[in-house]
A.B. asks: 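Here it is, the structure, as structure tokens.
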Amino acid sequence: MRGKEIMIDMKDIVALCKRRGFIFAASDIYGGLNGFWDFGPLGVELKNNLRDQWWKSMVITPPLGLDGKPVQIVGLDSAIIQNPKAWIASGHVGGFSDPMVDCRETKKRYRADQIIVLVPKDTEGSWLAFEEGTDELLKRKKMVKFWGSNILNTATLLTKFDISDYDKIIAPDAKKAGTLTEPRQFNLMLDTYPGVVRDDAHKAYLRPETAQGIFLNFKNVVDSSRVRIPFGIAQIGKAFRNEVTPRNFIFRSREFEQMEMEWFCEPDEAKKWHEFWIEERKNWWRSMGLTSDNILMRPHDADELAHYAKEGLGTYDVEYKFPFTDPGFGELEGIAHRCDFDLKAHQEHSGQKLEYFDQPNNKRFIPHVIEPAAGLTRGVLALICEAYTIDETRPSGCYLNFLPALAPKKAAILPLTAKDEHVPIAQKLYMELREEFPVDLDIKQNIGKRYARQDEIGTPYCFTIDNDTLSDSTVTVRDRNTMKQERINLDNVAKYLREKIKPVS
RNA sequence: GCGGACGUAGUUCAAUGGUAGAACACUAGCCUUCCAAGCUAGUUAUGCCGGUUCGAUCCCGGUCGUCCGCUCCA
């Protein structure tokens, strides 16, 4: 069990995911590619299930709003590649690339725009570099050490210096001067060149978030779909980021899938809606089977806010305790207050009016935006980690305890033996059930092995046809979690599944 | 991108400068009336490229990948 005597090893989860066809390394036969992953036959089912639950909870059956009536949310599927001007407006071209410097002596890496260099008034001797936020006392000690009592100086950002000055600068943790490398740009957006000619004029970006596609279509949606403020636009899709260090299985990958909803509302109602969505989103993740102990709601500190959220009322993270973050937590979703940052920016850069006209009150304004932005890829990983249950008493050693509604396979139909009497009944049941549920028919090998396999892929129910079936038309139902069996009538199997696999939330 | 460790079947682990082996898993058959049982047979590996060598999985270099620590993380 999680957090108890038996520790869960991420390696075992990764091995299970590969062994049973949930997740493979992308281009595995070529040795993989760092930060890219493929979803196998069961992984894609699981991912689709989680995706569909989100879509249903947002677009098909959105929650009741502050007035007790269902809120209005419409869907969208925008292109991955948009006009590159969109990413200039959004701040990603300017703000999504950081200049980094390395220290050759200490092997540490710093953001050049967060290093402050103190230069003595007479510019003689060593210049001292500090990370932003370094304690004043520490600074003073170092100044006294290098400059004696003569500590008059000017403070300048490292980015303002010419590379020829670097040999005078002592890096924050170094003893000698001149150990910092030239700043290098880390561009966190992947780019591409639409069209057959590859030159800078045709450079475009793979979206680093799906959100901007929503803002770009704000006007189109308002003009075409009779939505009225407050309302939301929801989108699910791939996004791409050049993560410096893809790590922790699919948690931080360079290609991943997002589920984002932009909620447009009146500026003075934004705070209320922010709180509303924080509560909604927490409850949604719980309804997906993530237990309270492993879920955490965390407000962002001011210094970790994204560029668009700085003027807003902050961001709340929904975080999950993954085995590799335990006892810490990792982000599943951020619920940001984006103010009117994005629409205003796109209005300025595009020259198009992105105001909303409130007809009854005869007023125009740029809506404020609350953004619940969830990671579908991360969500799948959280579901797997949450479901992974060690049970040394059973042959498989573990099972995946998915909610029935999310399990890739809802049931397996197993003739107890491969004899002629059992198999045809199983086949008939399978043909009937598959019209309504994703189910497996497994005839080969002894029954224990087949139960074990279904445990490992998280199938909640197994229906077994035995000799009693021949005489009284009953089958056994085996419950994945308890391994208990009961007999039900063959005719009631579909009904049984329908009742057990209730829609979540 | 930096530093360190590592890379042998699906998994866990052997072995060797000269034919790469086991267990479990997997597949098939037999058997089997409920939890990876039994019997028989079978598939599957030295990440990739190069160098040294008569010969390299082993030694060396590069590369790719993994893990740990930095760094980054909208």
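Just so we're on the same page: letters track the sequence lines, and every chain starts at 1. Predicted, not measured: the structure shown is a model, and the values here were computed from it.
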A.B. asks: What nucleic acid atoms does A:Gln454 come within less than 4.0 Å of, heavy atoms only: base, sugar-phosphate, or nothing?
C.D. replies: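 Touches nothing.
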
A.B. asks: When the P atoms of B:rA20 and B:rA9 are compared, how many Å lie between them, rounded to an integer?
C.D. replies: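 Result for the P pair: 15 Å, nearest Å.
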
A.B. asks: Counting only Watson-Crick or G-U wobble pairs whose two distances fall under 3.5 Å, which nucleotide matches B:rU52?
C.D. replies: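 With both distances under 3.5 Å required, B:rU52 matches none.
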
A.B. asks: Contact class for A:Lys444 vs. all strands (heavy atom < 4.0 Å): base, sugar-phosphate, or nothing?
C.D. replies: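 Sugar-phosphate: the residue A:Lys444, judged by heavy atoms under 4.0 Å, touches backbone atoms but no base.
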
A.B. asks: Does B:rC39 have a Watson-Crick or wobble mate here (both distances under 3.5 Å), and if so which one?
C.D. replies: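 Per the H-bond distance test, B:rG29.
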
A.B. asks: Given that both distances must come in under 3.5 Å, which nucleotide forms a Watson-Crick or G-U wobble pair with B:rG21?
C.D. replies: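 For B:rG21, the partner nucleotide comes out as B:rC13, under the 3.5 Å rule.
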
A.B. asks: How do A:Arg378 and A:Ile447 order along RNA chain B: which one's closest nucleotide is nearer the 5' end?
C.D. replies: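 Looking at the nearest nucleotide for each, A:Ile447 comes out on the 5' side.
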
A.B. asks: Name the closest nucleotide to the A:Asn34 side chain, picking from B:rG65, B:rA36, B:rC70.
C.D. replies: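 The answer is B:rG65.
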
A.B. asks: In the structure shown, which nucleotide is the Watson-Crick or G-U wobble counterpart of B:rU8, with both distances under 3.5 Å?
C.D. replies: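 Here B:rU8 is not engaged in any pair, so there is no nucleotide opposite it.
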
A.B. asks: Considering only the C1' atoms, how many Å lie between B:rU71 and B:rU57, rounded to the nearest integer?
C.D. replies: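 B:rU71 and B:rU57 have their C1' atoms separated by 35 Å.
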
A.B. asks: Do the rings of A:Phe402 and A:Phe22 sit parallel, tilted or perpendicular, given the 30° and 60° boundaries?
C.D. replies: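 The rings of A:Phe402 and A:Phe22 sit tilted, inter-plane angle from 30° to 60°.
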
A.B. asks: Using the C1' atom as the point on both nucleotides, what is the distance between B:rC49 and B:rA37, in whole Å?
C.D. replies: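 Result for the C1' pair: 47 Å, nearest Å.
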
A.B. asks: Within the modelled atom types, does a donor on one side and an acceptor on the other bring the side chain of A:Arg20 and the base of B:rG10 under 3.5 Å apart?
C.D. replies: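 Donor-acceptor pair under 3.5 Å: no.
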
A.B. asks: Please determine whether a side-chain nitrogen or oxygen atom of A:Gln445 lies at a distance below 4.0 Å from atom OP1 or OP2 of B:rA36.
C.D. replies: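 For B:rA36, neither OP1 nor OP2 has a side-chain N or O of A:Gln445 closer than 4.0 Å.
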
A.B. asks: Fit a plane to each ring of A:Phe161 and A:Trp127, take the angle between them on a 0 to 90° scale, and name the class: parallel (under 30°), tilted (30 to 60°) or perpendicular (over 60°).
C.D. replies: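 A:Phe161 vs A:Trp127 ring planes: tilted.
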
A.B. asks: Using the P atom as the reference point in each nucleotide, state the distance between B:rU53 and B:rU44 in Å, no decimals.
C.D. replies: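 It comes out at 34 Å once rounded to the nearest Å.
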
A.B. asks: Choosing from B:rG69, B:rG29, B:rC34, which nucleotide comes nearest the side chain of A:Arg247?
C.D. replies: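 Per side-chain heavy atoms of A:Arg247, the pick is B:rG69.
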
A.B. asks: Is it true that A:Phe39 and A:Phe24 have ring centroids separated by less than 6.0 Å?
C.D. replies: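 Here the rings of A:Phe24 and A:Phe39 have centres that are no less than 6.0 Å from each other.
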
A.B. asks: Across all strands, who's sitting opposite B:rU44 as a Watson-Crick or G-U wobble pair, both distances under 3.5 Å?
C.D. replies: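 Pair assignment: B:rU44 / none.
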
A.B. asks: Kindly give the heavy-atom pair with the smallest separation between A:Trp285 and A:Gly375, and that separation in Å.
C.D. replies: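 Nearest heavy atoms, A:Trp285 then A:Gly375: CH2-O, 4.2 Å.
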
A.B. asks: Nearest to the A:Arg453 side chain among B:rA36, B:rU27, B:rA28, which nucleotide is it?
C.D. replies: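 Side chain of A:Arg453 sits closest to B:rU27.
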
A.B. asks: Using atom P in both nucleotides, what's the gap between B:rG42 and B:rA56 to the nearest angstrom?
C.D. replies: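 Here B:rG42 and B:rA56 have their P atoms 31 Å from each other.
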
A.B. asks: Can you find a side chain N or O atom of A:Asn446 that sits less than 4.0 Å from OP1 or OP2 on B:rA37?
C.D. replies: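 Yes, because at least one side-chain N or O of A:Asn446 sits under 4.0 Å from OP1 or OP2 of B:rA37.
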
A.B. asks: Quick check for you: among B:rC72, B:rA37, B:rC35, whose closest atom lies nearest to any side-chain atom of A:Leu188?
C.D. replies: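 Minimum distance to the A:Leu188 side chain belongs to B:rC72.
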
A.B. asks: Ring centroid separation for A:Phe324 and A:Phe322, is it under 6.0 angstrom?
C.D. replies: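 Ring centroids of A:Phe324 and A:Phe322 are less than 6.0 Å from each other.
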
A.B. asks: Verify whether one side chain among A:Glu386 and A:Tyr320 offers a donor that lies under 3.5 Å from an acceptor in the other.
C.D. replies: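 Short answer, yes.
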
A.B. asks: For B:rC35, does the base pair up with any side-chain atom of A:Arg450 as donor and acceptor (N or O, under 3.5 Å, distance only)?
C.D. replies: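 Result: no qualifying N/O pair found.
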
A.B. asks: Pick the C1' atom in B:rC58 and in B:rA45, then give their distance to the nearest Å.
C.D. replies: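 That atom pair is separated by 15 Å.
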
A.B. asks: Using heavy atoms to find the nearest nucleotide of RNA chain B for A:Ser396 and A:Lys419 separately, return the residue whose nucleotide is more 5′.
C.D. replies: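 The answer here is A:Lys419.
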
A.B. asks: As a test of reading the structure: which of B:rC34, B:rG29, B:rC72 is closest to the side chain of A:Gln485, going by heavy atoms?
C.D. replies: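 The answer is B:rC34, which lies nearest to the side chain.
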
A.B. asks: Please report the distance separating the P of B:rC72 from the corresponding atom of B:rG55, rounded so that it comes out in whole Å.
C.D. replies: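 Rounded to whole Å, the distance is 50 Å.
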
A.B. asks: In the structure shown, which nucleotide is the Watson-Crick or G-U wobble counterpart of B:rG1, with both distances under 3.5 Å?
C.D. replies: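 B:rC70 - that is the nucleotide pairing with B:rG1, both distances being under 3.5 Å.
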
A.B. asks: Could you please name the option among B:rC34, B:rU32, B:rC26 that lies closest to any side-chain atom of A:Thr417?
C.D. replies: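 Of all the options, the side chain of A:Thr417 is nearest to B:rU32.
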
A.B. asks: By the 4.0 Å heavy-atom rule, please label A:Ala418 as base, sugar-phosphate, or nothing.
C.D. replies: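 If one applies the 4.0 Å heavy-atom cut-off, A:Ala418 turns out to touch a base.
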
A.B. asks: Closest to the A:Lys449 side chain: B:rA36, B:rU27, B:rC72?
C.D. replies: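 Minimum distance to the A:Lys449 side chain belongs to B:rA36.
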
A.B. asks: Base, sugar-phosphate or nothing for A:Arg394? Non-hydrogen atoms, less than 4.0 Å.
C.D. replies: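 If one applies the 4.0 Å heavy-atom cut-off, A:Arg394 turns out to touch nothing in the nucleic acid.
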
A.B. asks: Could you check how far CD of A:Glu331 sits from C1' of B:rC72, rounded to whole Å?
C.D. replies: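 One finds 14 Å between C1' of B:rC72 and CD of A:Glu331, rounded.
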
A.B. asks: Under a plain distance cut-off of 3.5 Å, with no hydrogens placed, do A:His346 and A:Gln212 share a side-chain donor-acceptor pair?
C.D. replies: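 A donor-acceptor contact under 3.5 Å links the two side chains.
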
A.B. asks: Whom does B:rC58 pair with, Watson-Crick or G-U wobble, provided both distances fall under 3.5 Å?
C.D. replies: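 Result: none.
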
A.B. asks: Determine the Euclidean distance between corresponding P atoms of B:rC60 and B:rG17; express it in Å to zero decimal places.
C.D. replies: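 Comparing P positions in B:rG17 and B:rC60 gives a spacing of 14 Å.
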
